[in-house]
Amino acid sequence: MSTEAAPIANNFLRTIVDDDLKSGKHATIVTRFPPEPNGYLHIGHAKSICINFGLAQDFGGRCHLRFDDTNPVKEEQEYIDSIKESVHWLGFDWGEHLYYASDYFEQLYQWALHLIREGKAYVEDLSAEEIRNHRGTLTEPGRESPFRNRTVEENLDLFQRMRAGEFPDGARVLRAKIDMAAPNLNLRDPVLYRILHAPHPHVGDAWKIYPMYDFAHGQSDAIEGITHSICTLEFDAHRPLYDWFLDNLPVPNRPRQYEFARLNLTYTVMSKRKLHELVNSKTVSGWDDPRMPTLMGIRRRGYTPEAVRAFCARIGVSRSDSWIDVSVLEECVREDLNERAPRALAVLRPLKVVIANYPEGQVEEFEAANHPQNPDRGNRAVPFSREIFIEQDDFMETPPKGFFRMTPGTEVRLRYAYIVRCTGVVRDETGAVVEVRCEYDPASRGGSAADGRKIKGTIHWVSAAHCVEAEVRLFDRLFSDPNPDRGGADYKQFLNPQSVEVLPAAKLEASLVEADSETRYQFERQGYFRADPVDSKPGRPVFNRIVTLKDTWARR
RNA sequence: UGGGGCGUCGCCAAGCGGUAAGGCACCGGAUUUUGAUUCCGGCAUUCCCAGGUUCGAUCCCUGGCGCCCCAGCCA
C-alpha cells in the first residue's frame with residue numbers, strides 16, 4: 001500500500017544518530033520504548049514508538065521494549081499485556097529484547113550501596129512534608145536535612161533494614177547527596193528509594209523498597225547498552241540527574257538522553273488521568289471506545305496501523321511544543337483506506353423511492369466495481385428493483401443553488417443503475433416526505449444516457465427488497481473544542497454531545513452481511529466503515545464509521 | 001524576580017553564514033457514473049522584536065518579548 005512509502009523526513013534525532021554512526025561513536029544504535037505499565041497506550045505513545053523503533057529500523061540497530069515498572073502501587077499485569085499487544089498491532093517487534101526495570105532491582109540496589117559508601121547518598125528520616133519544606137522554592141535554595149551527614153555505616157545499616165522491610169511505608173527514604181542549593185530542583189538531594197510494602201506485578205513481593213524513576217532509568221539504559229535514550233521534553237530538567245548517576249556509578253555503558261516534544265492532538269485529551277476519568281465516569285464505553293485516543297480505541301474504530309504510522313511520519317519530530325490537528329490523522333486513514341477499501345453501497349438514513357414506471361416484481365442486476373480506480377479488483381452484482389432506498393440528504397424538494405442530487409423535475413443518476421426523474425412525493429399527516437416517486441429512463445441501463453446527455457448528479461441507493469438492515473455507529477470527535485484543556489477550565493464541559501450517533505436501521509447492500517471486522521469498506525459517498533469486532537454477530541454486523549469522506553459540498 | 005526549553009506560511013516542519021525544502025490545510029483549474037479519488041497550477045522579498053558583527057544572517061553576538069517545563073516518597 002502506498003501509505004507505507006511515507007517519505008522519511010529529516011529530524012534532529014536522525015541527524016544525531018547519523019552523526020554518531022558516521023563518526024564511529026557507535027557501531028550500532030540501540031533505542032528503547034519504556035512505558036510504565038500503569039495504563040493503556042495512546043496515540044501519543046505511538047509517536048514515541050515510531051520514533052524509537054523507527055530509528056532502530058532505519059539505521060540498522062535494535063529497539064528494546066522495557067517496562068519502567070518502578071512503582072508497583074500503580075502498575076498491573078493487564079497493562080503489561082495490553083501494551084505489548086498494542087506495540088505489536090502498530091507493527092513493531094522487539095524480538096528477544098523484552099525487559100523490565102524491575103529485573104535490575106538487585107543491581108540498582110548494589111549501586112545504591114555504592115553511592116552510600118562513596119558518601120553520595122544517605123538515609124533520610126524526614127517525612128515527605130518535611131522534605132518538601134526543606135526543598136526550597138523556585139527562587140530560594142533548599143536547606144540541608146539534619147540527617148544528611150550520617151555516617152556511611154549508619155546509612156548502610158538503615159538502608160539494608162529498609163530493604164529487609166523493618167520500617168513502614170514512608171518512614172524513611174534514600175536520598176542522593178548532591179546540592180540543596182542547585183537551581184535545578186531535581187538536583188536538590190533527590191529521593192532514590194522509598195519504602196513500599198506492595199506486591200509488584202513482575203517481581204512479586206521480593207522487594208519492600210522501590211527505586212524512583214530517576215535512579216532506575218539511566219542505569220537501566222546503561223545495563224541494556226542503550227545508545228540513544230529518547231524521551232519527552234518534560235524530562236529535559238532530569239538530564240543532569242540522569243548524567244550524575246552515570247558519572248558516579250560504575251555503569252557498563254554511557255547512554256545519552258535526548259528529548260522531543262510530545263504529541264498534542266486537537267479535540268481530544270491525552271493525559272492518563274483524564275482518560276481514566278472518561279472511562280470511570282462511563283462517559284465512554286471503555287478504554288477501547290472508538291472515540292478514545294487510545295491505541296485500543298483507534299484500533300477498534302477501524303484505523304489501520306499503517307495509517308497511524310503514516311501519521312507519525314507526517315507530523316515530524318522536533319523540540320517545539322506543537323498541536324497537531326486531528327484532521328491530519330483523519331487524512332492519513334483516508335489515504336490508506338482509499339487505496340485498500342472495497343466499495344459498497346449503503347444508505348444510512350433511508351428514504352423510500354418508488355420508480356413508478358418500473359415493472360413490479362422485476363429484478364435486474366448491475367455490475368458494480370469493487371474499486372473503480374482499480375479494475376483488477378473486479379465487480380460484484382447489485383440487485384435493482386422498483387422500490388429502493390436513497391439517502392435522506394440526497395433529496396430536497398426546494399434545493400439550494402448548486403444542489404445536484406434528487407429534486408423534483410430534474411434527472412439524477414442512480415449509481416450503476418438508471419437515470420431517474422423525481423415526479424412527486426408522498427407525505428405523512430405531518431406533511432413530512434415519506435416517499436419519493438420517480439420515473440426511470442429505460443434506455444439508461446447502467447447509468448449512461450443513450451443520447452449521451454450529461455447527468456451532473458449521481459447518488460447511491462439500495463434495493464428495498466434485497467438490502468439488509470444493520471446498526472451503524474457514526475463517530476465524531478469526543479470534544480467540541482480544539483483544546484479541551486484550555487485555560488484550566490473543566491475539560492468535560494467541552495464534551496461533544498454528538499460524538500456518537502447510532503443509526504439502528506441503516507440499509508446495506510446485501511453483500512455486507514458477511515463482512516468480517518478485518519475488512520474496511522468505503523460506503524460510497526459516505527466514508528470508511530468496518531464491522532465492529534466486539535458487537536457484530538454472525539449475519540448481523542454493526543458498523544463503525546472510521547472517518548467520513550471529504551465533503552466539499554457539506555462544507556459550504 | 002531561580003533553572004531549563006522553545007519561537008520559520010493557518011497547522012506541522014527542513015534549514016546549521018551564501019540569498020526560505022516538503023507535507024497538511026486553503027484557493028484556482030482539468031478529468032470523474034463516489035460533490036471522493038487523481039491530476040495540474042497558486043500559496044513566507046521573509047524566518048518573534050530591536051540593535052550589532054559580516055560583502056552577505058533564519059542561521060553568529062547583545063538586549064527585549066512571548067509560550068512551555070521543573071518545588072511527587074509519580075513516570
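We name chains A, B, ... by the order of the sequence lines, and we start the count at 1 in each one. Just so we're clear, the structure is a prediction, and the values are computed from it rather than from any experiment. Computed from heavy atoms alone, side chains included, the values below leave out hydrogens, waters and symmetry copies.
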Considering residues at least two apart in sequence or located in another chain, which fulfil the salt bridge (Lys or Arg N to Asp or Glu O under 4.0 Å) criterion with [X]?
| X | result |
| --- | --- |
| R132(A) | none |
| E224(A) | R66(A) |
| D125(A) | R150(A), R172(A) |
| E277(A) | R273(A), K492(A) |

task = Could you pick out which residue, G402(A) or I324(A), lies toward the 5' side of RNA chain B when each is mapped onto its nearest nucleotide?
result = I324(A)
note = Residue pair N71(A)/T15(A) against RNA chain B: nearer the 5' end by closest nucleotide is T15(A)
Mind checking what makes side chain to side chain contact (heavy atoms under 4.5 Å, CB included) contact with [X], not counting sequence neighbours?
| X | result |
| --- | --- |
| F105(A) | T70(A), S102(A), L108(A), H200(A), V203(A), W207(A), Y210(A), P211(A) |
| D451(A) | A449(A), R453(A) |
| D236(A) | R239(A), E259(A), R319(A) |
| R334(A) | E330(A), E331(A), Y528(A), V547(A), T548(A), K550(A) |

ask   = Taking it one step at a time, do Q526(A) and Y521(A) satisfy side-chain hydrogen bond (donor to acceptor under 3.5 Å, both in side chains)?
value = CA-CA 10 Å; Q526(A) 312 262 23; Y521(A) 294 90; over 6 Å; no
Using a cut-off of 4.0 Å on non-hydrogen atoms, how would the nucleic acid contact of [X] be classed: base, sugar-phosphate, or nothing?
| X | answer |
| --- | --- |
| T70(A) | sugar-phosphate |
| D68(A) | sugar-phosphate |
| S127(A) | base |
| V173(A) | base |
| F311(A) | nothing |
| Y210(A) | nothing |
| R413(A) | base |
| R405(A) | base |
| F404(A) | base |
| N11(A) | sugar-phosphate |
| V317(A) | sugar-phosphate |
| R188(A) | nothing |
| P141(A) | nothing |
| I455(A) | nothing |

Measure from the side-chain heavy atoms of [X] and tell me the nearest of [options].
| X | options | value |
| --- | --- | --- |
| T552(A) | G35(B), C12(B), C73(B) | G35(B) |
| M212(A) | A36(B), A75(B), A13(B) | A75(B) |
| Q522(A) | U34(B), C74(B), G4(B) | U34(B) |
| N10(A) | G15(B), C69(B), C24(B) | G15(B) |

Could you give the distance separating [M] and [N] at their [atom1] atoms, to the nearest angstrom?
| N | M | atom1 | value |
| --- | --- | --- | --- |
| U58(B) | A50(B) | P | 12 Å |
| G42(B) | G23(B) | P | 12 Å |
| U45(B) | C6(B) | P | 26 Å |
| G3(B) | C9(B) | P | 29 Å |
| U34(B) | A44(B) | C1' | 36 Å |
| G64(B) | A71(B) | C1' | 28 Å |
| A25(B) | C11(B) | P | 15 Å |
| C70(B) | U62(B) | P | 28 Å |

message = Quick test of the criterion, 5.5 Å between centres and less than 30° between planes. Is Y213(A) stacked on A75(B) or not?
response = no
[N] pairs with, by Watson-Crick or G-U criteria that keep both distances under 3.5 Å:
| N | result |
| --- | --- |
| A21(B) | none |
| C59(B) | none |
| C43(B) | none |
| G2(B) | C70(B) |
| U38(B) | A30(B) |
| A14(B) | none |

If you measure from [atom1] on [X] to [atom2] on [Y], what distance do you get to the nearest 0.5 Å?
| X | Y | atom1 | atom2 | result |
| --- | --- | --- | --- | --- |
| Y358(A) | F384(A) | OH | CZ | 5.5 Å |
| I195(A) | R161(A) | CD1 | CZ | 10.5 Å |
| N155(A) | R148(A) | CG | CZ | 11.5 Å |

request  = Using a cut-off of strictly less than 4.0 Å, decide whether S318(A) has a side-chain nitrogen or oxygen near OP1 or OP2 of C12(B).
outcome  = no
request  = Taking only the side-chain nitrogens and oxygens of R343(A), find out if one of them lies under 4.0 Å from OP1 or OP2 of U34(B).
outcome  = no
task = In plain terms, say whether D169(A) and R194(A) are close enough for a salt bridge, that is, a side-chain N and a carboxylate O under 4.0 Å apart.
result = no
key: G72(B): syn or anti, per glycosidic angle within 90° of 0   = syn
Look for any protein N or O under 3.5 Å of an N or O in nucleotides 1-3 of chain B and output each such pair with its distance, or none.
from: G2(B); atom 1: N9; to: L138(A); atom 2: O; distance (Å): 2.9
from: G2(B); atom 1: N2; to: P183(A); atom 2: O; distance (Å): 3.3
from: G2(B); atom 1: N3; to: L138(A); atom 2: O; distance (Å): 3.2

Nucleotides 6-8 of chain B: which of its N/O atoms have a protein N/O under 3.5 Å away?
from: C6(B); atom 1: OP1; to: R319(A); atom 2: NE; distance (Å): 3.3

query = With sequence neighbours left out, what residues match Y104(A) under ring pair (Phe, Tyr, Trp, His ring centres under 6.0 Å)?
reply = none
request  = Determine, using ring centers only, whether Y440(A) and Y418(A) are less than 6.0 Å apart.
outcome  = yes
Could I get a table of every N or O pair under 3.5 Å where one atom is in the protein and the other is in nucleotides 37-40 of chain B?
from: U37(B); atom 1: OP1; to: K550(A); atom 2: NZ; distance (Å): 3.1
from: U37(B); atom 1: O2'; to: N338(A); atom 2: ND2; distance (Å): 2.9

